[in-house]
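Report on one structure; see the data block that follows.
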Amino acid sequence: MPKVPTGLCHENRLGACRPNCRGLPLAAWPQSLHTGSMAENHPFTIRIEPHADGERRYRWSIYESEMLRDHSPESYATIREADFHANKAMQRLITTWRIGK
């Protein structure tokens, strides 16, 4: 957040007023620019790992506090594809977790 000048008017960094300044005080910044609620931290993490059969395919697992919560029902051709499906599954878990809180 930029600092508001502390002078009576529109001082710049050198302490000089802008042209046509009337010497009026500046409005102060609000205490907080954040108006929404803080995001809650969920306990889920995603791990993307190579498939056990070694065919350059990937599987995802979702852990809740270091315990396996869910895993992919199939393998994926790329890490990006596995990550995409893992994030969709994790969003469902987060929604359920928030409702149950």
Distance check, rounded to the nearest 0.5 Å: [X] atom [atom1] versus [Y] atom [atom2]?
| X | Y | atom1 | atom2 | result |
| --- | --- | --- | --- | --- |
| Ile99 | Ile94 | CD1 | CD1 | 12.0 Å |
| Arg98 | Leu93 | CZ | CG | 12.0 Å |
| Arg56 | Thr78 | CZ | OG1 | 13.5 Å |
| Arg80 | Ile48 | CZ | CD1 | 12.5 Å |

Got a donor-acceptor contact below 3.5 angstrom from the [X] side chain to the [Y] backbone?
| X | Y | value |
| --- | --- | --- |
| Ser72 | Trp60 | yes |
| Asp83 | Ile79 | no |
| Arg57 | Ser75 | yes |

Suppose clustering is done on Ile, Leu, Val, Met, Phe, Trp and Tyr with side-chain heavy atoms closer than 4.5 Å. Which residues sit in the same group as Tyr63?
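ILVMFWY cluster around Tyr63 also holds Leu68.
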Anything under 30° is parallel, anything over 60° is perpendicular, the rest tilted; go ahead and classify Trp97 against His42.
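It falls in the perpendicular class, over 60°.
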Qualifying residue, where the test is side-chain contact (heavy atoms from CB on, under 4.5 Å) with Ile62 and the options are Arg92, His71, Met90:
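Of the listed residues Arg92, His71, Met90, the side-chain contact (heavy atoms from CB on, under 4.5 Å) partner of Ile62 is Met90.
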For Glu66, enumerate each residue passing the salt bridge (Lys or Arg N to Asp or Glu O under 4.0 Å) test, keeping only those at least two apart in sequence or located in another chain.
Arg47
Compute the centroid of each ring, for His51 and then for Tyr58, and state whether the two points are separated by less than 6.0 Å.
no
Verdict with supporting geometry, Phe44 and Arg69, side chain to side chain contact (heavy atoms under 4.5 Å, CB included)
CA-CA 8 Å; Phe44 304 107; Arg69 175 68 186 258; 3.8 Å; yes
